[in-house]
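Reading through the structure tokens given below for one structure.
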Amino acid sequence: MRHSELGKCSMAGDVTSALKIATAAPAASCAAIYWKGGFRDGLAGLSIASFAAHHAFLKHLMLWEIQNRK
């Protein structure tokens, strides 16, 4: 998610919590590995799942920072 898209999320009323921050990364990783078939790609699929998890974690963390800045 780009920084401008993150601003749109916060302006649209999207909220996050500590629970969402904690569960976003494992959920994104499982989605990339199992539901999107990343396990068939071997190490490349594992690295894509890792990047997806990192992205989801940072997205929710930055949204949380925007929420609590106000």
Side-chain angles (χ1 to χ4, degrees):
M1 178 175 282
R2 294 189 174 120
H3 192 63
S4 61
E5 293 172 353
L6 191 61
K8 289 178 188 176
C9 285
S10 65
M11 289 174 26
D14 291 346
V15 294
T16 192
S17 65
L19 182 63
K20 284 184 184 178
I21 293 170
T23 59
S29 180
C30 287
I33 290 175
Y34 299 113
W35 292 300
K36 293 185 180 181
F39 62 90
R40 292 180 288 190
D41 296 329
L43 187 58
L46 184 63
S47 65
I48 289 171
S50 173
F51 288 130
H54 188 247
H55 177 266
F57 172 74
L58 290 178
K59 177 178 69 172
H60 283 280
L61 189 63
M62 289 181 2
L63 184 57
W64 182 79
E65 286 179 348
I66 289 172
Q67 275 178 230
N68 292 326
R69 187 179 339 159
K70 297 178 182 179

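Both backbone and side-chain heavy atoms feed into the values below; hydrogens, waters and symmetry mates do not. Nothing fancy with the numbering, it's 1 onward along the sequence.
Partners of K36 according to the side chain to side chain contact (heavy atoms under 4.5 Å, CB included) rule, which considers only residues two or more places apart in sequence or in another chain, do not exist here. In this structure, S29 has no side-chain hydrogen bond (donor to acceptor under 3.5 Å, both in side chains) partners at least two apart in sequence or on a different chain. Annotation: side chain to side chain contact (heavy atoms under 4.5 Å, CB included) contacts of S50 (sequence neighbours excluded): none.
In terms of heavy atoms, A25 sits closest to F57 at CB-CB, 4.1 Å. The nearest pair of heavy atoms linking A56 to A28 is CB-CB, 3.8 Å. Counting all heavy atoms, side chain and backbone alike, T16 lies closest to H60 at OG1-ND1, 3.0 Å.
Counting side-chain heavy-atom gaps under 4.5 Å among Ile, Leu, Val, Met, Phe, Trp and Tyr, the cluster of L43 also holds I33, Y34, F39, L46.
Atoms CD1 and CG, on I21 and L58 in that order, are 10.5 Å from each other to the nearest 0.5 Å. From S17, atom OG reaches atom CD of Q67 across 8.5 Å, with rounding to the nearest 0.5 Å. Between the NZ atom in K20 and the CG atom in D14 there is a gap of 7.5 Å [rounded to 0.5 Å].
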